[in-house]
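Read through the structure below, which is laid out as structure tokens, and then see the notes.
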Amino acid sequence: MTSLFQILMLLLDVAFFIVIAHVILSWLINFGVLNLRQPIVAQIWDGLNRLLEPVYGPIRRRLPSMGGLDLAPLIVFLGIYVLRIILTNNAAYFY
């Protein structure tokens, strides 16, 4: 059962870094550092959007309009952190 706990923690870590990559890439694109006309940037951006939009979509629908400020990644970060806390506090059940 320890393996299951470690796999769940690994998946949460991977999800955290995917969201971080998406946030940083969106900043770089919005500030003009990266251009979506570059094929590799466009492919990475499209892949991250396809991966995260099913997660962000329901959150965005429930949040009020913030005037261009997207709080969905923050909510996802909080969710990942809460899941990590829950798993860590209940780690004894995995042993």
Side-chain angles (χ1 to χ4, degrees):
M1 288 302 275
T2 304
S3 300
L4 180 62
F5 175 74
Q6 290 174 345
I7 290 170
L8 290 173
M9 294 299 279
L10 175 68
L11 290 175
L12 288 175
D13 287 341
V14 169
F16 181 81
F17 285 113
I18 288 174
V19 175
I20 288 279
H22 186 258
V23 167
I24 290 173
L25 192 62
S26 72
W27 288 346
L28 292 175
I29 290 170
N30 286 331
F31 291 130
V33 176
L34 294 177
N35 191 347
L36 283 176
R37 287 184 237 136
Q38 298 169 338
I40 189 72
V41 174
Q43 287 177 352
I44 293 171
W45 180 247
D46 185 50
L48 287 174
N49 278 334
R50 287 180 187 220
L51 190 63
L52 292 172
E53 190 56 38
V55 177
Y56 288 166
I59 296 170
R60 286 180 180 142
R61 283 191 291 274
R62 287 181 177 82
L63 288 176
S65 178
M66 299 295 288
L69 183 64
D70 187 16
L71 295 178
L74 178 64
I75 302 299
V76 172
F77 283 138
L78 290 174
I80 290 171
Y81 192 65
V82 166
L83 288 174
R84 287 185 61 82
I85 290 172
I86 291 170
L87 283 174
T88 304
N89 289 338
N90 294 310
Y93 294 114
F94 289 98
Y95 295 109

Would I20 and F77 count as a side-chain contact (heavy atoms from CB on, under 4.5 Å) if you check the C-alpha gap in whole Å, the side-chain angles of each, and the deciding distance to 0.1 Å?
-> CA-CA 9 Å; I20 288 279; F77 283 138; 3.6 Å; yes
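- No path of Ile, Leu, Val, Met, Phe, Trp and Tyr side chains, each step under 4.5 Å between heavy atoms, connects V76 with V82, placing them in separate hydrophobic clusters.
- Residues Y56 and V19 come closest through the heavy atom pair OH-CG1, 3.5 Å.
- V23 is connected to V33 through a chain of hydrophobic side-chain contacts under 4.5 Å among Ile, Leu, Val, Met, Phe, Trp and Tyr, so both are in one cluster.
- In this structure R60 satisfies the side-chain hydrogen bond (donor to acceptor under 3.5 Å, both in side chains) test together with E53, D70, sequence neighbours excluded.
- F5 and I85 are assigned to two separate hydrophobic clusters, defined by single-linkage of ILVMFWY side chains at heavy-atom distances under 4.5 Å.
- Between H22 and W45, the angle of the ring planes stays under 30°, which puts this pair in the parallel group of the 30/60° scheme.
- With values rounded to the nearest 0.5 angstrom, Q38 atom CD is found 9.5 Å from I29 atom CD1.
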Test log, rule side-chain contact (heavy atoms from CB on, under 4.5 Å), inputs R62 and I75 = CA-CA 11 Å; R62 287 181 177 82; I75 302 299; over 6 Å; no
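- By the criterion of side-chain heavy atoms lying less than 4.5 angstrom apart, applied directly or through intervening Ile, Leu, Val, Met, Phe, Trp or Tyr residues, V14 is grouped together with I44 in one hydrophobic cluster.
- Atom CG in D13 sits 11.0 Å away from atom CG in L8 (nearest 0.5 Å).
- Between the side chain of D46 and the backbone N or O of A42, no donor-acceptor pair lies under 3.5 Å.
- Here the side chains of V41 and N35 are not in contact, with every heavy-atom distance at 4.5 Å or above.
- L51 and L83 end up in the same hydrophobic cluster when Ile, Leu, Val, Met, Phe, Trp and Tyr side chains are linked at under 4.5 Å.
- Contact detail for P54 and N49: the closest heavy-atom pair is CD-O, 4.5 Å.
- Of the inter-residue distances, the one linking L52 atom CG with S26 atom OG reads 10.5 Å to the nearest 0.5 angstrom.
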